[in-house]
Amino acid sequence: MKEGTPILKSYIWNIFTQFVEAIAPKHTFHAHFSLLFTIGTTLAATILAAVYYRINPSGTANIGLIFILAIIQISCHTDKYRYGILAAIFSVFWINYLYTYPYHAFNFTMTGYPFTFLVMYFISIMTSATTFHMKDQASRIKEDEILIMEAEKEKLRANLLRAVSHDLRTPLTSMIGASSSFLENEDNLPAPKKRELVEQIFDDANWLLHMVENLLSVTRITEGGSNVLKKTPEAVEEVLFDAISTAKKRYPDLKIQVQIPEDFLIAPMDPLLIKQVILNLLENSYYHAHSDRSTECRLSHDTQVIRVHVRDFGTGIPPEKLVHIFDAEPSAPTSAADTRKGMGIGLSICKAIVTAHGGEIEARNCVEGAEFCFTLPKEEKQHEPND
């Protein structure tokens, strides 16, 4: 008996495989699963219909709804039209055989029967086809979203590459020129000039270090999205003051005026990355505003989000640059002071970080100067599927 058991299992499996291949030409796991799911769901509907009929023999009209529900489930969880259609055909004949007069016999000759079962058959087929079409459409939409996300990542990488080549070239050239002048004329240069050259090299080196930090951050975001964020509930005021303190250490002559509300504002965030966003905005104001007035940092909020504002009182942003200012596209400098520091890559990193946190960032011109504002959700957004 034990020797015959493997042979019997093999024989049953071969018959099942031949049946699957007859229904689905491609011999795949999905074909096996679809067939097994169809058989199991149809069997479950049959048992449920039998139990319901035993409890309520006069409610045969509702038995059709049980089988239609089974057809919908089969259409949703199988990968071909044919399974829902087979289940629909089986349901029509099974209901006719068991639950309509004359019982336990096929009879489509009675008045009204052909029309009734024809309508039920087409309802079942249309239900199957519509459900499968909706599932296929949802799958295509998901694939399109993935392609769009990949295209955006590639665009960001390409823009970052252009911005990096643009922003790295000028500081490196400046460092090479300053160090070359120092080495070639060390004996002839006065002490103040030597100090000026060294300070210039130091300033450019810090700029390059800050850029590398930005690049590492944006690489984390673009590769892993919001999954790489280490979010914890943080006081936005503390993160803002931490960023301001770091900015003033880097740029001692930077003047900042802070306005915070009386409310204690908490938001889930990666504090190091949000600090970097604020630093980038302050640095952008320091290099590009060309104003002697203090940069204004303030917090505001409503029931949904917390807003961080960084405003300068300088020359503002050219209108043609506002549209693509966060796209990491290198742009021509607007003045001689801008030739040393580009602003494309830092702002694009701000957008990547804020977007990964579920917020938004925007830039706008004011009557005097320009303002950058980004939002942080007060709580994690919970997305629920639509019914």
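Note that the structure is a prediction, hence the values are computed from the model and not measured.
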message: For residues Ile256 and Phe313: do they belong to one hydrophobic cluster (side chain heavy atoms under 4.5 Å, members Ile, Leu, Val, Met, Phe, Trp, Tyr)?
response: no
Residues forming a side-chain hydrogen bond (donor to acceptor under 3.5 Å, both in side chains) with Thr303, sequence neighbours excluded: none
task: Enter the distance from Ile274:CD1 to Cys350:SG here, rounded to the nearest 0.5 Å.
output: 9.5 Å
- prompt: Do you know the tightest heavy-atom contact between Thr295 and Ser285?
  reply: OG1-OG, 2.9 Å
task: Check Met175 against Asp204 and note the closest heavy-atom contact, atom names and distance.
output: CG-CB, 3.3 Å
message: Could you work out, with ring-ring contact (aromatic ring centres under 6.0 Å, His included) as the rule, every residue matching Phe182, not counting sequence neighbours?
response: none
Side chain proximity check, Ile141 to Gln137, heavy atoms < 4.5 angstrom: yes
- request: Could you check if a side-chain atom of Leu347 sits within less than 4.5 angstrom of a side-chain atom of Phe372, using non-hydrogen atoms only?
  value: yes
- prompt: How many angstroms lie between CD in Glu371 and CD in Glu296, if you round to the nearest 0.5 Å?
  reply: 7.5 Å
- request: Could you tell me which non-hydrogen atom of Cys297 sits nearest to which non-hydrogen atom of Val310, and how far apart they are?
  value: SG-CG2, 4.2 Å
task: Check whether any side-chain heavy atom of His357 sits under 4.5 Å from a side-chain heavy atom of Asp270, and report yes or no.
output: yes
query: Can you find a pair of side-chain heavy atoms, one from Leu273 and one from Gln276, that are under 4.5 Å apart?
result: yes
Side-chain touch Lys378/Ile306, heavy atoms, less than 4.5 angstrom: yes
message: Can you confirm whether more than 12 heavy atoms, excluding those of Glu234, are under 6.0 Å from its CD atom?
response: yes
Side-chain touch Ile353/Phe374, heavy atoms, less than 4.5 angstrom: no
query: Taking a hydrophobic cluster as the set of Ile, Leu, Val, Met, Phe, Trp and Tyr residues connected by side-chain heavy atoms closer than 4.5 Å, whether directly or through intermediates, do Met269 and Leu279 fall within one such cluster?
result: no
message: With a sphere of 6.0 Å drawn around CZ of Arg364, does it hold more than 12 non-hydrogen atoms of other residues, nucleotides or ligands?
response: yes
- request: Using a 4.5 Å cut-off on heavy atoms from C-beta on, say whether the side chain of His288 contacts that of Ile317.
  value: no
query: For the hydrophobic clusters of this structure (ILVMFWY residues joined by side-chain heavy atoms under 4.5 Å, transitively), does one cluster hold both Val239 and Ile266?
result: no
- prompt: Does Arg311 use its side chain to pair, donor to acceptor, with the backbone of Cys373 at less than 3.5 Å?
  reply: no
- prompt: Just wondering, are more than 12 heavy atoms of other shown residues or ligands nearer than 6.0 Å to NZ in Lys193?
  reply: no
query: For the atom pair CD (Gln200) and CZ (Arg195), what is the distance rounded to the nearest 0.5 Å?
result: 14.0 Å
query: Can you name the closest pair of heavy atoms from Ala356 and Lys231 and give their distance?
result: O-NZ, 4.3 Å
task: Check whether any side-chain heavy atom of Val305 sits under 4.5 Å from a side-chain heavy atom of Leu376, and report yes or no.
output: no
Shortest non-hydrogen separation from Gly316 to Ala370 and the atoms involved: CA-CB, 4.2 Å
- prompt: Checking Thr46 side chain against Thr42 main chain: does a donor-acceptor pair fall under 3.5 Å?
  reply: yes
task: Report yes or no: do Ile201 and Leu172 belong to one cluster of Ile/Leu/Val/Met/Phe/Trp/Tyr joined by side chain heavy-atom distances under 4.5 Å?
output: yes
Residue pair Ala363 / Phe326: nearest heavy atoms and the distance that separates them: N-CE1, 3.8 Å
field: Asp312 versus Ser291, side-chain donor and acceptor atoms under 3.5 Å
entry: no
query: How far apart are the C-alpha atoms of Tyr251 and Leu282, what are their side-chain angles, what is the distance that settles it, and do they pass the side-chain contact (heavy atoms from CB on, under 4.5 Å) test?
result: CA-CA 10 Å; Tyr251 315 106; Leu282 290 173; over 6 Å; no
message: Quick check on the hydrophobic clustering: are Leu265 and Val258 connected, directly or via other members, by side-chain heavy-atom contacts under 4.5 Å?
response: yes
task: Find the distance between CD (Glu320) and CD1 (Ile325) and round it off to the nearest 0.5 Å.
output: 10.5 Å
- prompt: How many angstroms lie between CG in Leu254 and CD1 in Ile244, if you round to the nearest 0.5 Å?
  reply: 9.0 Å
query: Should we say atom CG of Asp292 is surrounded by more than 12 heavy atoms from elsewhere, each under 6.0 Å from it?
result: no
message: Under 4.0 Å between a side-chain nitrogen and a carboxylate oxygen: does that hold for Arg307 and Asp302?
response: yes
- prompt: So, Thr41 side chain and Ala70 main chain: donor-acceptor pair closer than 3.5 Å or not?
  reply: no
- prompt: Does atom CD of Gln304 have more than 12 heavy-atom neighbours from other groups under 6.0 Å away?
  reply: no
message: How long is the straight-line distance from CD of Glu237 back to CG of Asp242, given to the nearest 0.5 Å?
response: 12.5 Å
